[in-house]
2 protein chains.
Amino acid sequence: MKGTVTVKTLAKELNISIATVSKALNDSYEISLETKQKVWDLAKKLKYERNPSASNLRSHKTKTIAVIIPEIANNFFSLAINGIEEIARKRDYHVLIYQTHENSDTEIAFTDSLLSGRVDGILISVSSNTNNNEHFKELVKKIPVVFFDRVFEDIDAVKITTDDYESAYNATCHLIECGCKKIAYLFALNNLVTGKNRFAGYLKALEKYNMLYTDEMIVHYDKDTSKNYENIKAMVSNQKPDAVIASIEELALPCYYVARELNLNIPKDLKIISFSNLNTAPLLNPSLTTIEQPAFEIGKEAAGILFKILEKKYFEPNENHILKSRLIKRESTSCG
Amino acid sequence: MKGTVTVKTLAKELNISIATVSKALNDSYEISLETKQKVWDLAKKLKYERNPSASNLRSHKTKTIAVIIPEIANNFFSLAINGIEEIARKRDYHVLIYQTHENSDTEIAFTDSLLSGRVDGILISVSSNTNNNEHFKELVKKIPVVFFDRVFEDIDAVKITTDDYESAYNATCHLIECGCKKIAYLFALNNLVTGKNRFAGYLKALEKYNMLYTDEMIVHYDKDTSKNYENIKAMVSNQKPDAVIASIEELALPCYYVARELNLNIPKDLKIISFSNLNTAPLLNPSLTTIEQPAFEIGKEAAGILFKILEKKYFEPNENHILKSRLIKRESTSCG
DNA sequence: CTGTTAGCGCATTCAA
DNA sequence: TTGAATGCGCTAACAG
């Protein structure tokens, strides 16, 4: 690696010691401004770049965080990463990305590999197939972690989530107030707080209005996409709901197709409201009302708090930050 | 950092030398299977994780690549990252993400910072505002780089692109064969090969059919979103085209709104074809035909080639790999 | 096959 | 305010 400019190069050139150069580069109070300036100037001139590995090895600070998410090619997560990256950049931090594809073994492999000091902290949105949180309980003891969106209830770490309960409740109320008599529910993420809360909000609204409710009105998410279609079709055919709430977008789509195939007019015969995070909302079929999470803001919030923790400026380990989502009513769904 | 298990820990425990442990962990041929097994077993038992900084410092291999893209929250790029991450994972590589937000200064800052040995290689899709490629010419001399999607013509590096020329040509021919007489063009990415090729394909098709063409039928992309809307509106009002080709999706949307505002029926009065990469295609207004790039495959291809280069198994430095995109005709646009 | 030795580049004592 | 010395954890020569 000859030709590489290191602290040694700078020191030799300026006839000062390596230690002085190192301190000057780190803007230490021990060094005179004059010396610092000389070092900075030369560093710039020679395009010196601090070797991160050496620096990390010595200081145990990597200036890197990891983001573990189920999927990147998903509008919610890509927006969240956008927010995370933006905050990280401001602090000159680097961002590593890992996608689990909803596989909890992969998730465990990632977190294990991150224990070796590759990163200073981790942001995680857990895989929906992870039903064992023991692993995370160990993890949070060893390295700063902030959970976002997909979180576990009983883990001793900061969590950033959305108002799932309230938004599901509001959406359901909205439908009822529009005159809907039978509102079905497409259930997903059932082992995550998110999924549970959404369902609870839906139930609460039905309860408030004394609405009909049977288990037959619920369709549970299946990993096998074609089964979702079949299950929804069966439910809609048999139960004939006049509205549906989809707890994730992947269930809204087959529902939409089912309605088409059964010649149901949307939204006249069947209103669909879906939790969603498309940035293509304006292009969506206007009959689909969506509940949009503030993905970008969640990313920023999560990263912001992680950095506070890293800087030892955060003192409420267990706090749960809940951001508000928005009910986007598209023209032909507004019932007014 | 007491309690951290290092090669030293393992060596002491097994009463062998540090070097032997290190070699065993790296599965060196110099070490007997018996010794290796002992080391591996203990490593597993003690949950030893190699310190990446120390390893990098010594070996100059980071097992990390960087991806520099304009924007993450964009379906094309998020799909591409998906492909990249998938390939990287297979090789136990880590992936750093940087988004330039189309700012070429940011882009330069990123590439500079990556010269310090933080990564083994870089995948770049350049910012559309970068009109100076000198910087990249220097970069590719210092570190393996593969360009994808947004590339420069005259850089000595592998490039992965799509068949922009052909797909624009085909799309335009399709419109002409449908009976369109006046096809406008919404021009973007004009200082990138991608943008140039798309436009060239469009022109070629017009030429082939001896179609009308004037500069007034072209609208150029403006960073100011509201101006795009105004410009498209002016063009459509004055020129009254019966079809429009949008070279990027961000121009298809305002065009769609303009058509609406001018009470033009889509696709009867105005057909719109857009280069696009939404995974929500099925939900799109069915009047919008799209030309979809194989984003995921591009990511995989780019990463695959970068790894070949890193493994010294790639010998065609300048090669340009062109993947095929698909013209997706939605029901109400098919002119048959 | 195994061990000894010597750094990779940097940050941190401590002494001057 | 500066510098000499030490070692972070690991790998690579080289010798045994």
Side chain of [X], backbone of [Y]: donor and acceptor closer than 3.5 Å?
X: A:Lys36; Y: A:Ser28; value: yes
X: A:Asn191; Y: A:Asn129; value: no
X: A:Glu107; Y: A:Ser127; value: yes

May I have the distance from [X] (atom [atom1]) to [N] (atom [atom2]), rounded to whole angstrom?
X: A:Arg50; N: C:dA11; atom1: CZ; atom2: C1'; answer: 9 Å
X: B:Asn56; N: D:dC8; atom1: CG; atom2: P; answer: 18 Å
X: A:Arg58; N: D:dT6; atom1: CZ; atom2: P; answer: 13 Å
X: B:Lys38; N: C:dC1; atom1: NZ; atom2: P; answer: 14 Å
X: A:Asn51; N: D:dC8; atom1: CG; atom2: C1'; answer: 13 Å
X: B:Leu57; N: D:dG7; atom1: CG; atom2: P; answer: 17 Å
X: A:Arg118; N: D:dG9; atom1: CZ; atom2: C1'; answer: 14 Å
X: A:Asn26; N: C:dT13; atom1: CG; atom2: P; answer: 13 Å

Using five base pairs at each end, measure the axis-to-axis angle across the helix from C:dC1-D:dG16 to C:dA16-D:dT1 and round it to 10 degrees. 30°
Over 12 non-hydrogen atoms of neighbours within 6.0 angstrom of CD in B:Glu311: yes
Are more than 12 heavy atoms from other residues, nucleotides or ligands located less than 6.0 Å from atom NZ of A:Lys45? no
Lys/Arg-Asp/Glu bridge criterion (N-O < 4.0 Å) met for A:Asp156, A:Lys141: no
Do A:Asn320 and A:Val151 have side chains that get closer than 4.5 Å, going by heavy atoms? no
Does the side chain of B:Ser53 get closer than 4.0 angstrom to OP1 or OP2 of D:dC8 through an N or O atom? no
D:dT2 OP1/OP2 closer than 4.0 Å to side-chain N/O of A:Tyr29: no
Have a look at B:Ser55 and say if it touches a base, only the backbone sugar-phosphate, or nothing, with a 4.0 Å heavy-atom cut-off. sugar-phosphate
Grab the two heavy atoms, one from A:Leu96 and one from A:Arg118, that are nearest each other, plus how far apart they are. CD1-CD, 3.9 Å
Which pair of non-hydrogen atoms, one from A:Phe110 and one from A:Gln99, has the smallest distance, and what is that distance? CE1-O, 3.4 Å
Any N/O pairs under 3.5 Å between the protein and nucleotides 2-4 of chain C? List them or say none.
residue : atom : partner : partner atom : Å
C:dT2   : OP1  : B:Thr35 : OG1          : 2.9
C:dT2   : OP2  : B:Ser32 : N            : 3.2
C:dT2   : OP2  : B:Ser32 : OG           : 3.3
C:dT2   : OP2  : B:Thr35 : OG1          : 3.0
C:dT2   : O4   : B:Glu30 : OE1          : 3.2
C:dG3   : OP2  : B:Ser17 : N            : 2.9
C:dG3   : OP2  : B:Ser17 : OG           : 3.4
C:dG3   : OP2  : B:Thr20 : OG1          : 2.8
C:dG3   : O6   : B:Lys23 : NZ           : 2.4

B:Leu33 or B:Ala54: which one's nearest nucleotide on DNA chain C is closer to the 5' end? B:Leu33
